[in-house]
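Written below as structure tokens is the structure these notes are about.
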Amino acid sequence: MQDLIEQARNGRPRAIARLITKVENSRSGAAKIVPALYKFTGQAHIVGITGAPGSGKSSLVNELAKALRRRDHKVAIVAVDPSSPFTGGALLGDRVRMRDLSGDKGIFIRSLASRGSLGGLSQATAAVIKVLDAAKFDTILVETVGAGQAEVDIAGAAHTTLVIEAPGMGDDVQSIKAGILEIADILVVNKADRPGAARTVRSLQTMLQLGQTMMVNHHGRSMQTASIAPNGSNDADNWEIPVQETVAIEGAGIEDLLDVILVHKDHLRATNGWLTQEKLRSRREIEALLQARFMERFQTAVSQDDRDQLITSVANRTTDPYTAVAEIFNQIKT
Amino acid sequence: MEDFKPRILVAKPGLDGHDRGVKVVARALRDAGMEVIYTGLRQTPEMIVEAALQEDVDAIGLSILSGAHMPLVTRIMALIVENEMEDVPVFLGGIIPDDDVTALNEMGVSGVFGPGANMNSIVDFVWEKVRARA
């Protein structure tokens with residue numbers, strides 16, 4: 001394994017690919033590999049790309065990767081697509097939009113299936129990112145499952161989160177709902193050549209302004225609005241969320257978008273935001289691993305029969321879920 | 001549902017634009033519980049083998065209806081050897097004359113499925129190959 005890590009550090013694609021498979025397939029695999037390479041991680045800039053299905057995430061990732069290569073960054077791409085809740089199978093098709101990227105040794109693309117996770121990433125995504133970070137990629141682009149409103153795990157996994165919108169996806173109220181728009185460090189209106197793009201941009205900008213303190217003229221008097229900024233990761237550091245327009249399939253607006261992404265990175269570095277995010281990420285990872293260990297402990301400490309019995313007694317009302325959990329907890333403690 | 005999630009690359013090398021067959025096979029493998037990576041039309045042998053390498057797949061399926069299967073498969077198999085991936089089974093579908101099957105098998109293609117091939121037999125074949133390797 002040390003050998004594999006050494007080869008991955010030297011950029012050998014096969015070794016990187018094998019390590020990813022190992023950390024993806026079992027927690028025990030990840031528990032061996034991540035500790036061995038953790039000291040090499042923390043270097044890469046992790047950029048998350050999320051948005052509705054068909055908003056153009058893969059095409060945008062494709063263009064961003066090309067733009068990053070023009071600036072001599074080594075780029076890794078992690079693209080997550082959903083697993084079937086019925087068969088566990090998956091069709092991973094993000095590479096179809098990334099065909100321009102083949103044949104470049106400075107780019108590594110890996111498709112992942114979500115494997116039952118509901119937050120837009122797979123459980124192993126954090127560990128997969130670490131392998132790529134240790135393999136010395138400068139920038140890691142993480143594309144989530146096509147997200148609706150609440151798949152916000154990416155904000156905990158990335159330094160810079162892009163939320164992609166396309167024109168014509170709903171009225172103004174959509175843009176002030178809680179959820180995915182709140183996690184954006186940068187908002188992108190893709191397909192900006194389509195009718196309605198200007199309106200989408202305006203509605204997003206209005207949404208952002210609602211969250212800021214500003215002077216308004218109300219019945220002839222100048223008044224200050226209260227700040228109701230959402231508690232996102234960067235507000236404390238005064239990051240103003242920009243709204244960028246792109247047409248990914250034509251490559252329009254990409255250089256500007258990349259400039260903004262790199263400005264955000266510098267901003268994080270300059271304001272301690274980087275460390276804040278690393279702490280947030282570390283906390284979430286510890287909690288997720290603890291949760292998984294607790295579940296494992298529950299499954300080994302309480303026999304299948306006992307579990308079935310508990311489930312049945314909750315279902316037929318001889319006990320309730322809270323009492324059942326209290327009982328299980330007592331059993332695990334001893 | 002099995003715990004083991006085989007990763008299968010299905011690819012269309014060369015210049016034909018007929019992707020109905022490859023999509024049907026991709027869908028069937030997906031429904032059989034596998035993770036299928038589809039890379040789209042008009043792939044070069046280099047693109048396919050690079051994708052297989054990065055994705056660390058358990059098998060590679062090729063769909064060729066252009067008649068150019070001999071040179072394409074020859075090149076793909078050479079690249080597979082070059083990248084030390086000989087342990088990854090390769091199967092092929094499309095319009096493949098019977099006369100070519102022996103030569104393709106000799107090149108290392110482990111299964112050839114022509115028109116009318118039974119979908120279950122393709123799925124079973126892939127399961128058997130990836131289990132043998134796991």
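Contact record, T312(A) with D308(A): OG1-O, 2.6 Å, taken as the closest heavy-atom pair. Summarising the geometry of A11(B) relative to T39(B), their closest heavy-atom pair is CB-OG1, 3.8 Å, with the distance given to 0.1 Å. Minimum interatomic distance between K129(B) and P89(B) (heavy atoms only, all atoms of both residues): CB-CG, 4.0 Å.
Heavy-atom contacts from other residues, nucleotides or ligands closer than 6.0 Å to CZ of R307(A) number more than 12. Few gaps surround CG on L289(A); more than 12 heavy atoms of other groups in view lie less than 6.0 Å from it. Counting heavy-atom neighbours within 6.0 Å of R27(B) CZ, excluding the residue itself, gives a total of 12 or less.
Contacts between Q54(B) and chain A at a heavy-atom distance below 4.5 Å involve backbone atoms as well as side-chain atoms. There is no contact between I16(A) and chain B, counting heavy-atom distances below 4.5 Å. The part of R7(B) that comes within reach of chain A is its side chain, from C-beta onward, which places non-hydrogen atoms under 4.5 angstrom from that chain.
Among the candidates M34(B), E46(B), M85(B), the residue making the largest number of heavy-atom pairs closer than 4.5 Å to chain A is M34(B). Of the listed residues R99(A), R97(A), M98(A), the one with more heavy-atom pairs under 4.5 angstrom with chain B than any other is R99(A). In terms of heavy-atom pairs under 4.5 angstrom with chain B, the leader among D81(A), L101(A), D94(A), V96(A) is V96(A). Listed options R115(A), R110(A), R14(A) were ranked by heavy-atom pairs under 4.5 angstrom with chain B; first place goes to R110(A). Your options are L53(B), I37(B), I8(B), D56(B), and the one with the most heavy-atom pairs under 4.5 Å with chain A is D56(B).
Aromatic ring orientation, F108(A) versus F137(A): tilted (interplanar angle from 30° to 60°).
Heavy-atom proximity under 4.5 angstrom to chain A picks out nothing from residues 92-117 of chain B. Residues of residues 54-73 of chain A lying under 4.5 angstrom from chain B, judged on non-hydrogen atoms, do not exist here. Within residues 18-40 of chain A, the residues that have a heavy atom under 4.5 Å from a heavy atom of chain B are R18(A), T21(A), E24(A), listed by number.
Donor-acceptor pairing under 3.5 Å is lacking for the side chains of T87(A) and D31(B). Side-chain contact, S122(A) with T125(A): a donor N or O sits under 3.5 Å from an acceptor N or O.
Not a single donor-acceptor pair under 3.5 Å links the side chain of R42(B) to the backbone N or O of K12(B). With hydrogens and angles ignored, the 3.5 Å screen pairs a side-chain donor or acceptor of D16(B) with a backbone N or O of L65(B). Judged by distance alone, the side chain of N190(A) and the main-chain N or O of A248(A) form a donor-acceptor pair under 3.5 Å. Side-chain N or O atoms of H159(A) include one that pairs as donor or acceptor with a backbone N or O of I46(A) at under 3.5 Å. Although no hydrogens or angles enter the test, the distance criterion places no donor-acceptor pair under 3.5 Å between the side chain of S117(A) and the main chain of G119(A).
Applying the ring-ring contact (aromatic ring centres under 6.0 Å, His included) test to every pair with at least one member in residues 16-57 of chain B, sequence neighbours left out, gives no pairs at all.
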- Intermediate values then yes/no, salt bridge (Lys or Arg N to Asp or Glu O under 4.0 Å), E55(B) and R95(A): CA-CA 11 Å; E55(B) 300 287 356; R95(A) 271 182 178 266; 2.6 Å; yes

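By the 6.0 Å and 45° rule, R293(A) does not stack over the aromatic ring of F298(A).
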